[in-house]
Amino acid sequence: MTRFNRHGVWAIYRFEVNRFGRTVWTSLATPVITTALYFIVFGSAIGSRMGELDGVDYGAFIVPGLIMLTMFTESIFNASFGIYMPKWAGTIYELLSAPVSAFETVLAYVGAAATKSVIIGLIIFATAHLFVDVTVEHPVLMLLFLVMIAVTFCLFGFILGIWAKSFEQLQVIPMLVVMPLTFLGGAFYSIDMLPEPWRTATLFNPIVYLISGFRWTFFGEGDVSIGVSLAAMAGFLALCLAVIWWMFRTGYRLKS
Amino acid sequence: MASVISIVGLTKTYASGVEALRPIDLDIEKGEIFALLGPNGAGKTTLISIVCGIVTATTGSVTADGHDIVRDYRAARMKIGLVPQELHTDSFETVWATVTFSRGLFGKPPSPGHIEKVLRDLSLWDKRDAKVQELSGGMKRRVMIAKALSHEPEILFLDEPTAGVDVELRRDMWGLVRELREGGVTIILTTHYIEEAEEMADRVGVISKGELIVVEEKNALMKKLGRKTLTLNLAEPLAALPGGLDAWALELKAEGHELEHVFDAQAEATGVPALLARLGALGIGWKDLNTRQSSLEDIFVGLVSERRGGAA
C-alpha cells in the first residue's frame, strides 16, 4: 500500500500553521515594522539624496531587495525551527513512527513554512505601497519568483533544522551567512555601483542572482539577465532537494 | 494462535560499536499481553524502537500483521501505537489538539467521537482544552497513551508505562491494558517492575545484554523455574547442622533459630516429608513451618545473574 497519507500531511501542515498562529503578532508585526524602518532610513533619509537607479526611484528600487531580505531569513528560521523543535523536545518519535513518507514530511513542513513566508512577503509588498509608488512589470513572474524563493529557502531551513544540534547552530547560518550575503548581494544597491574588483567578487555571491531576478520581475532590469537568475534558483532548489533526499535515505541525525 | 508480530534474526549494532541486540527471534501472538523484562540497557527500548520505525535495524526483518516494517511501512505502522518511555509532549498544544493531530498523522480521517472516547477512558475529558504544559506528569503520560490510541491501533507498545507513575495511575493503566486486550488489541510492554509482568502478562520474555534468554508463558515459567523455600522455626536453636541430613539442601538462618530448605517445586519427590521424618528421628523439634513459591522477580534475578556468571 503506497497511498498518499493526506491526513498525515494535513495534520502536520495544520500543526505548523497553528504554531505560527500562536505568535501571529510577532510573526507579522515584526516584518512590517522592520520594513517601515528601512523605508524611513533608506528610502526617505538616504534615498532623497540619491538619484534614480536603472531609471527607478531609489525608494522603489529597494522594495524587491527588502522583500527578499526578510523572506530569506524568515523562511530559514521558520522551517528550521519547525523540524528542530520536535527533535529538541523529543516529540519527533511520533513522526518517525508514523506512516508518513519522507516526501510527505517535507511537503507538510516546508509547505507550512513557505505559506507563512509568502504571506510575509506579500505583507511587506503591501506595506511598501504606503511609502513609495511601486509598479510590477511582470506580476505573474513576480508571484512565481516569490513562491519559488519561499520554497527553496524553507527547504534550506529544513536541512538546517535537521543538521543543527543546538539553538546556536540554528541561528548561526541565517545570521552569519545569509544576512551578510543578502546585504552584499545588492539588496539596497545595484552591483554596478561597486568598483572593481568588488563588482566581480560579488558575482560569486549566489544571493545576487536571486535578488537581481526578483528585481527584474518588478522593473524589467536586473544586475544579471533573468535567465541566469532563474537558472541559479533552479540550481539551489535542486541542491536542497538532493541534500534532503540524502538525509532521509541515510536517516542523517534523525534515526540511529 | 496467529502471530501478529514476527521478528526474525534481528540485530542492532550502533555506530559506536555497541551491540544492542544480538540475533533476536520472537513471535508475538495476536491478542496477548507480552511483557519484555530486562535490566536497564538490556535492549528492550532498542527492540521496540526498531519495530516502531524509530531505529533502523542492522540485520534481520520484522513483520507487523503480515506487513514488512521497512518495505510496507505504511500498512505496518498504521497498525501500531507507541507510548515511549520518556515524557515527550507538545507543551503549547491543547490535549484535544495533540491527540487529534496524532490520529491524522497516522493517516486516519477525523473522528471526534473516537477521540472523545479515548479521552474519557483515560480521565482526560475534563482536561481536553487545557494546554499540555499545564498538566502534571501523570496526566502527561495519559496524554501520550491517548495519542498512541488515537488511530485505533491493533498493536500497542508500552515502553516502561508505569515508570515514575503513582499508584493510582498504575492501577488505572493496568485496568486500561486489560480492557484494550478484551477489545482485541495486542499489547507489548517493557518493564523492569516484575510485579507488573506478573500482574498482567500472558507471556514473558527476558532480555539481557541484547539476548532473549527466555520466552515462556508466565505461569509455565514460574512453574518451571519456580523454586520453593521451606522454612522451619526450630524449637531449640542449633549451633551447627547435625550429621545425617546431607541428602537435603539445608541452611541455618536467624542464628540457628530457623532451618531453610530450598527445593524444586516441580520435582516428583520433593523430599519434604522425608526431611520432616528425619528431623523427628534426630529429635529436632519445630514450632512452625511455611513454604514460599519464588516470584517472577527471583526467577528473573536468577536468570540474569546466571548469564552474567556464565559469560564472565
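First the proteins, then the strands, lettered A, B, ... as listed; each starts at 1.
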Greatest number of non-hydrogen atom pairs under 4.5 angstrom with chain A, of B:E86, B:K108, B:H67, falls to B:K108
Within the supplied structure, the quantity of interest is the number of heavy atoms (other residues, nucleotides, ligands) at a distance under 6.0 Å from B:K127 NZ; does it exceed 12? no
Among residues 81-93 of chain A, those lying within the under-4.5 Å heavy-atom range of chain B are A:A89, A:G90, A:T91, A:Y93
Checked B:S91, B:G81, B:G53 vs chain A; the most non-hydrogen pairs under 4.5 Å come from B:G53
So, the part of A:R22 with a heavy atom under 4.5 Å from chain B: the answer is side chain
Worksheet item: Counting only N and O atoms by type, is there a donor-acceptor contact under 3.5 Å from the side chain of A:N5 to the main-chain atoms of B:F106?
Response: no
Is it the case that over 12 heavy atoms from other parts of the model lie below 6.0 angstrom from the CZ atom of A:F248? yes
Worksheet item: Does CZ belonging to A:R6 count more than 12 external heavy atoms closer than 6.0 Å?
Response: no
Contact list (residues 9-18 of chain A to chain B, heavy-atom gap under 4.5 Å, by number) returns A:A11, A:I12, A:F15
So for atom NZ, which belongs to B:K140, do other residues, nucleotides or ligands contribute more than 12 heavy atoms lying within a distance under 6.0 Å? yes
Exercise for review: Kindly indicate whether the side chain of B:F101, heavy atoms from C-beta on, has any atom under 4.5 Å from the side chain of A:E94.
Suggested key: yes
Highest number of heavy-atom pairs under 4.5 Å with chain A among B:A76, B:A15, B:G104 belongs to B:G104
Expected contact set for residues 95-127 of chain A against chain B at heavy-atom separation under 4.5 Å reads A:L95, A:L96, A:S97, A:A98, A:P99, A:V100, A:S101, A:E104
Bottom line for B:T98: the part with an atom under 4.5 Å from chain A's heavy atoms is neither
Contact list (residues 140-173 of chain A to chain B, heavy-atom gap under 4.5 Å, by number) returns none
